[in-house]
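Taking it in order: structure first as structure tokens, then the write-up.
Here, residue 1 is the first one in the sequence, and each next residue gets the next number. The basis for the numbers below is simple: all heavy atoms, side chains too, and nothing from hydrogens, waters or symmetry mates.
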Amino acid sequence: PLVDPASGGLSGSAREALCEAFEVSTEAAVHIASCLQPQAAVAKQQREFVRQAEAVARADEGKVWGMLERLGFDTDLVRWDSDLDSELVALVNSMCEVKGVPPRELAGLELDDAARRRLPRLAAVPPRSLHRRFAVLSLLNHHFEGAMPLVDLSRRGCPASLGATVCAMQHLVFYPCKAAFHAAVLDWTGCSSRSNDRQFLSVQLHRPGRRARDTKEKAEDHERWRL
């Protein structure tokens with residue numbers, strides 16, 4: 001809950017989340033002001049914004065939660081932006097490399113002392129929020145694995161293309177997923193990957209020799225080259 005039942009005021013985590021919301025979006029102050037009865041002036045200072053949000057939360061927490069969710073906050077009041085997601089992906093990549101397993105086989109996420117120093121923002125995230133976000137990214141990467149071979153990344157310069165969308169989300173993709181895609185591309189394009197179930201183009205060069213031209217014989221009776 002946003003409001004602490006014991007004190008009747010905002011909880012510490014709610015107060016921190018509202019301060020962050022005020023800094024990242026002007027929409028937050030506009031929304032909170034519109035929820036007050038009578039409607040108040042839009043807060044210009046962080047302290048005034050938190051005071052207004054507290055009044056709204058006491059009357060109807062749902063209105064404050066709606067604003068926080070639109071700004072990317074989860075139920076643990078953690079705002080997952082691109083930087084925080086990148087730290088989570090870096091942690092998963094590191095654990096997969098150390099344990100030698102794909103992301104789906106990780107039993108849980110562990111932040112040792114070295115990881116906490118290297119990923120300071122992630123170290124401050126509550127474990128429940130961390131594991132929920134990991135579950136979301138794992139599902140996203142599962143869909144990426146099946147879809148990536150069908151995406152034309154050469155069109156990443158076109159804003160409305162699927163390739164551009166995938167490139168914009170590359171910070172959410174685990175390294176094993178990227179490596180599997182690269183391996184698949186090399187497998188389908190490399191000459192060493194030929195097998196009986198794949199059909200490759202065969203080109204035959206046909207060049208008549210001098211004697212064939214002189215005697216007007218058929219070219220197939222003379223020199224042939226096959227690639």
Answer yes if Phe144 and Leu88 sit in the same cluster of Ile, Leu, Val, Met, Phe, Trp and Tyr residues linked by side chain heavy atoms under 4.5 Å apart, and no otherwise. yes
Keeping Thr165 on the side-chain end and Ser161 on the backbone end, is there a donor-acceptor pair under 3.5 Å? yes
For Gln45, does the CD atom have more than 12 heavy-atom neighbours from other residues, nucleotides or ligands under 6.0 Å away? no
Less than 4.5 Å apart, side chain to side chain, heavy atoms only: is that true for Trp65 and Asp60? no
Is it the case that the side chain of Gln52 and the backbone of Ala41 share a donor-acceptor pair, with hydrogens and angles ignored and the cut-off at 3.5 Å? yes
Cluster overlap Met169 with Val92, hydrophobic side-chain contacts below 4.5 Å: yes
Residue pair Ala43 / Ala29: nearest heavy atoms and the distance that separates them: O-CB, 3.9 Å
Minimum heavy-atom separation for Ala33 to Gln39, with atom names? O-CG, 3.2 Å
Check whether more than 12 heavy atoms from other residues, nucleotides or ligands sit under 6.0 Å from atom NE2 of His131, and answer yes or no. yes
Give a yes or no on whether Arg156 atom CZ has more than 12 heavy-atom contacts from other residues, nucleotides or ligands under 6.0 Å away. no
Calculate, to the nearest 0.5 Å, the distance between atoms OG and CD belonging to Ser86 and Gln170 respectively. 9.5 Å
All heavy atoms of Cys177 vs all of Asn141, minimum pair found to be CB-OD1, 3.7 Å
Inspect the surroundings of CZ in Phe181 and state if more than 12 heavy atoms from other residues, nucleotides or ligands are less than 6.0 Å away. yes
Tell me whether Ser94 contacts the main-chain N or O of Leu91 through its side chain, where contact means a donor paired with an acceptor under 3.5 Å. no
Same apolar cluster (I L V M F W Y, side chains within < 4.5 Å links), Leu10/Phe73: yes
Min side-chain heavy-atom separation Ile32-Leu18 under 4.5 Å: no
Non-hydrogen side-chain atoms of Leu84 and Arg79 separated by less than 4.5 Å: no
Sub-3.5 Å donor-acceptor pair from the side chain of Glu145 to the main-chain atoms of His142, do we have one? no
Heavy-atom closest pair (Gly163 atom, Val151 atom, distance to 0.1 Å) is CA-CG1, 3.7 Å
Transitively linked via ILVMFWY side-chain contacts under 4.5 Å: Val173 with Leu153? yes
Counting N and O atoms only, with roles assigned by atom type, does the side chain of His171 sit under 3.5 Å from a partner on the main chain of Val89, one being a donor and the other an acceptor? no
Phe49 versus Cys19: any side-chain heavy-atom pair under 4.5 Å? no
Do any N or O atoms from the side chain of Glu61 and from the backbone of Val3 form a donor-acceptor pair under 3.5 angstrom? yes
Donor + acceptor pair across side chains of Arg132, Thr75 (<3.5 Å): yes
Indicate if Leu68 and Val30 have the same hydrophobic cluster label, given that clusters are the connected sets of ILVMFWY residues with side-chain heavy-atom separations under 4.5 angstrom. no
CZ (Phe22) and CD (Glu27) are apart, to the nearest 0.5 Å, by 13.5 Å
Do side-chain atoms of Arg121 reach the backbone of Glu87 as a donor and acceptor pair under 3.5 angstrom? no
Taken in chain and number order and not counting sequence neighbours, the residues that satisfy side-chain hydrogen bond (donor to acceptor under 3.5 Å, both in side chains) with Ser129 are Asp74, Trp80
Tell me, do Leu140 and Leu172 make a side-chain contact under 4.5 Å, heavy atoms counted? yes
Min side-chain heavy-atom separation Leu2-Ser11 under 4.5 Å: no
Contact summary for Ala164 and Cys158, nearest pair of heavy atoms: CB-O, 3.1 Å
May I ask you to decide whether Arg51 forms a salt bridge with Glu48, counting only side-chain N to carboxylate O separations under 4.0 Å? yes
Go through the steps to decide whether His31 and Arg70 satisfy the test side chain to side chain contact (heavy atoms under 4.5 Å, CB included), and finish with yes or no. CA-CA 11 Å; His31 174 78; Arg70 286 194 296 274; 3.3 Å; yes
Please enumerate all residues that pass ring pair (Phe, Tyr, Trp, His ring centres under 6.0 Å) together with Phe134, with sequence neighbours excluded. none
Neighbour count above 12 (heavy atom, 6.0 Å) for Arg155 CZ: no
Checking the side chain of Asn93 only, and the main-chain atoms of Tyr175 only, is there a donor and an acceptor separated by less than 3.5 Å? yes
Would you check if the side chain of Arg15 reaches a backbone N or O of Val50 as a donor-acceptor pair within less than 3.5 Å? no
Exercise answer: donor-acceptor pairs, residues 100-113 side-chain atoms, under 3.5 Å, sequence neighbours excluded:
{"unit_1": "Asp112", "atom_1": "OD1", "unit_2": "Ala114", "atom_2": "N", "d": "3.3"}
{"unit_1": "Asp112", "atom_1": "OD1", "unit_2": "Ala115", "atom_2": "N", "d": "2.7"}

For the side chain of Asp76 and the backbone of Val78, is there at least one donor-acceptor N/O pair under 3.5 Å apart? no
